[in-house]
Amino acid sequence: MKVQRIVLNSRPGNNGAPVPANFRLEETTLARDLKDGEVLVRTLCLSVDPYMRCRMNEDTGVDYVTPWQLSECVDGGGVGVVESSRCSACSEGDVVTSFNWPWQTNAVMTGSVLQKVDPQLVDGRLSYFLGAVGITGLTALLGIREKGNVTKGANQTMVVSGAAGACGSIAGQIGRLDGCVRVVGICGSDEKCRALVDNLGFSAAINYRQEDVPSRLKECCPDGIDVYFDNVGGAISDTVITQMNSDSHVILCGQISQYNKDVPYPPPLSDEIKETLRRKNITRERFTVLNYMNKAEAALCELSQRVQSGQINVLETVVNGIENMGDAFCSMMTGGNIGKQIIKISE
């Protein structure tokens with residue numbers, strides 16, 4: 001059968017910013033005859049995520065994700081349906097997901113790497129398995145629970161950077177549900193600010209492209225900042241950290257502002273910020289959700305329940321067609337999405 005796929009055409013140039021031309025659409029042929037343990041899947045939707053920028057380099061800089069290889073099919077989070085199977089764990093018609101789904105319209109995969117999911121958990125909105133009820137939601141929930149030290153009744157203020165992205169938009173809602181009395185989001189447009197406050201229940205939102213972040217933070221966080229969910233790093237994070245209270249906590253989730261630079265992960269801090277962390281006894285530890293997968297099942301169950309009950313609202317930006325993967329990825333890296341960026345491949 002003929003399938004379309006996306007391969008890595010080139011690595012980003014000297015300025016480090018990815019462009020759609022780094023990806024190439026190809027047509028290839030897929031053999032339908034399966035070996036024992038294999039399944040043929042039809043791809044329903046794929047995810048693009050900030051961490052993938054590291055996979056475009058020859059060295060990702062971290063030990064838990066591998067680099068994409070030139071002229072080879074790209075992969076990431078995906079959801080699809082089993083069309084035929086020679087694997088006892090998968091039957092025709094099963095909805096399945098994987099963290100390493102090839103960017104192809106159809107694919108032959110090893111059944112054992114696929115996770116069967118129940119569409120009822122997301123009221124049939126299967127893309128949610130790539131976001132709010134998937135690895136993104138897990139990162140938000142477990143990041144806050146493991147590193148945030150949020151305590152009901154403690155009058156805490158949380159700040160979320162990259163707050164209108166896939167992870168930040170869930171993290172702010174979890175912070176509010178877990179007991180923060182004030183949740184402030186930082187994002188890059190007035191439209192995103194409105195979505196955070198009107199749709200997701202944030203207390204306030206700051207447009208870092210238009211507003212003076214230090215003065216707006218003081219205004220929105222009159223009692224200082226107790227928990228910071230950091231998705232961006234760089235100057236914004238330095239500004240937040242300088243206004244954090246003693247014995248507060250940074251959840252180091254991502255550093256998207258630094259991903260196009262040739263720096264180690266997490267990127268080094270200035271001496272001034274290091275001294276602020278030390279003087280105020282602020283914890284700042286890297287959070288990697290893959291280290292907490294023993295808690296994933298219960299956490300996904302909670303996320304599903306909260307989404308279905310309306311306690312967590314889900315924002316998505318959906319693009320149609322595998323041919324638009326490169327455009328969608330580059331748009332996501334420059335903040336073109338609100339909520340989770342999803343590429344719909346088939347019905």
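Taking the side chain as every heavy atom from C-beta outward, Val7 and Glu72 never approach each other to under 4.5 Å. Under the 4.5 Å side-chain criterion, counting only non-hydrogen atoms from C-beta, Leu114 is in contact with Val41.
Take Glu146 and apply the salt bridge (Lys or Arg N to Asp or Glu O under 4.0 Å) test, not counting sequence neighbours, and it matches Lys295.
With respect to Arg194 and Glu191, no salt bridge is recorded, no charged nitrogen being found less than 4.0 Å from a carboxylate O.
Although no hydrogens or angles enter the test, the distance criterion places a donor-acceptor pair under 3.5 Å between the side chain of Arg86 and the main chain of Leu34. Gln156 contributes no side-chain N or O that, together with a main-chain N or O of Cys180, makes up a donor-acceptor pair within less than 3.5 Å. Without hydrogens or angle criteria, Arg53 side chain to Gly16 main chain gives a donor-acceptor distance under 3.5 Å. Checking side-chain atoms of Glu285 against main-chain N and O of His249 turns up no donor-acceptor pair under 3.5 Å.
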Exercise for the section: Output, in order, the C-alpha distance, side-chain angles, deciding distance and verdict of salt bridge (charged side-chain N to carboxylate O under 4.0 Å, His left out) for Asp230 and Arg284. Expected result: CA-CA 10 Å; Asp230 183 9; Arg284 179 183 178 269; 5.0 Å; no
Problem - Candidate pair Leu277 and Ile241, rule side-chain contact (heavy atoms from CB on, under 4.5 Å), full reasoning - result: CA-CA 8 Å; Leu277 293 171; Ile241 288 168; 3.9 Å; yes
Exercise for the section: With side-chain hydrogen bond (donor to acceptor under 3.5 Å, both in side chains) as the test, would you mind laying out the steps for Glu316 and Ser127 before giving the verdict? Expected result: CA-CA 9 Å; Glu316 288 186 325; Ser127 57; 2.6 Å; yes
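Taking the ring centroids of Phe99 and Tyr51, they lie under the 6.0 Å cut-off.
Rounded to the nearest 0.5 Å, atoms CD1 (Ile236) and SG (Cys187) are 9.5 Å apart. Separation of atoms CD (Gln69) and CZ (Arg11) is listed at 6.0 Å; rounding is to 0.5 Å. Note: Leu303 CG to Leu142 CG = 8.0 Å, rounded to the nearest 0.5 Å. For the atom pair CD (Gln243) and CD1 (Ile225), the distance works out to 5.0 Å, reported to the nearest 0.5 Å.
Under 3.5 Å, the side chains of Lys340 and Ser47 contain a donor-acceptor pair of N or O atoms. Between the side chains of Tyr208 and Ser161, no donor-acceptor pair is found at a separation under 3.5 Å.
Around the CD atom of Glu272, the shell of radius 6.0 Å holds no more than 12 heavy atoms that belong to other residues, nucleotides or ligands.
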